[in-house]
Amino acid sequence: MSQKLYEFLSLQDDDDAKVDFHNTNLSGPSNVIIYVSGNWYDEFKVSEIISLAKKYPDAKILISGGVGRLTLPYVQRRGGEPLYLLERLTQEAIACDGLSSIKERCILCNSSIVTTHNVKFLMYYLSQCADMEGWNAIDNSSKVYSKYKIIVVDEGFLLRRLKATILQQIEVHTKVKKDFPSTMIGSLEFISPADCQTSADMSKKHMHGHAVAAFLQIGEFKRLVNYSTGNGPLLFSKELA
């Protein structure tokens, strides 16, 4: 049951883990963003981010987070999750050709403590891109828009909720900000670290093993169900649960 739950949470049973917005009037993505929603196990994401940074040498790396209820003490002492992850990325990149300047590619928000705040930072960054590149131009027929491919990196059991939150925030910002058309986003891709693909991997990586891993997965499932209630936009359906 633990593995089945992990596969569900990590989008492994979801054919739509890659979200293509089917913008037929736009060319392929010309800008890549590697987006990381900070949390207390950022250590496991370093290798995956480094690999993506090498694959996409012009990509910006957005790191959001702060100090939350599960942030480890030594990460707090370093100033928060984004600052700690930047430190680890810089250390890892030293040994990689072409990544010595990875620090210059990173954009940090160190004031978020919940997932929605993390994702709003991503939306804010995209809104700035829209402002700078004239996305609110009226004459769409003659305007050539840049398009953004967003690669979301996080531990597997968080990906379903992260996907739901991102899609919700895209919908909200598209309605509220006229300079934030959904057409600016070419596609979304959700990736978990290579060594965090199963429930057993998760048990090995987390302190106190299986008990903590199971507790976190069940807690994440409960959050998804809770998100399907209330008066706000739904992030998840009870039918799917």
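The model shown is predicted, which means the values in this text are computed figures rather than measured ones. Throughout, residue positions are numbered sequentially from 1 according to the sequence presented.
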### Task
Would you mind telling me which of R161, R160, K45, K163 makes a salt bridge (Lys or Arg N to Asp or Glu O under 4.0 Å) with D154?
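Exactly one pass, corresponding to K45.
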Taking all non-hydrogen atoms of both residues into account, name the closest pair between [X] and [Y] and its distance.
X    : Y    : result
G66  : N110 : CA-OD1, 3.6 Å
R105 : D58  : NH2-N, 4.2 Å
I63  : F121 : O-CE2, 4.0 Å
C109 : P82  : O-CG, 3.3 Å
E48  : P193 : OE1-CA, 3.8 Å

### Task
With side-chain contact (heavy atoms from CB on, under 4.5 Å) as the test, would you mind laying out the steps for L188 and L167 before giving the verdict?
CA-CA 9 Å; L188 295 168; L167 292 178; 3.8 Å; yes
### Task
May I ask you to check whether T198 and D201 show a side-chain donor-acceptor distance below 3.5 Å?
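Yes.
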### Task
Apply the test side-chain contact (heavy atoms from CB on, under 4.5 Å) to residues L126 and I33: give CA-CA distance (whole Å), side-chain angles for both, the deciding distance (0.1 Å), then the verdict.
CA-CA 10 Å; L126 289 171; I33 295 173; 3.8 Å; yes
Working to the nearest 0.5 Å, report the span between [atom1] of [X] and [atom2] of [Y].
X    : Y    : atom1 : atom2 : value
I166 : Y35  : CD1   : OH    : 6.0 Å
H173 : S127 : NE2   : OG    : 5.5 Å
Y6   : Q12  : OH    : CD    : 6.5 Å
L108 : L85  : CG    : CG    : 8.0 Å
K60  : E104 : NZ    : CD    : 8.5 Å
E189 : I34  : CD    : CD1   : 11.0 Å

### Under 3.5 Å donor-acceptor, S51 side chain and S47 backbone
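Side chain of S51 to backbone of S47: no pair is present.
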### Task
Keeping the roles fixed (side chain from S64, backbone from V36), state whether a donor-acceptor pair exists under 3.5 Å.
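Checked: pair present.
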### Candidates L11, V152, N118 - the one meeting side-chain contact (heavy atoms from CB on, under 4.5 Å) with L162
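Testing each of L11, V152, N118 against L162, the sole residue satisfying side-chain contact (heavy atoms from CB on, under 4.5 Å) is V152.
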### Task
Just jot down the side-chain contact (heavy atoms from CB on, under 4.5 Å) partners of I50, sequence neighbours excluded, or say none.
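Result, side-chain contact (heavy atoms from CB on, under 4.5 Å) vs I50: V46, K54, L89, E92, A93, C96, L99, I102.
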### Query
Is a salt bridge present between R223 and E220, judged by a nitrogen-to-oxygen distance below 4.0 Å?
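Between E220 and R223 there is a salt bridge, with a charged N closer than 4.0 Å to a carboxylate O.
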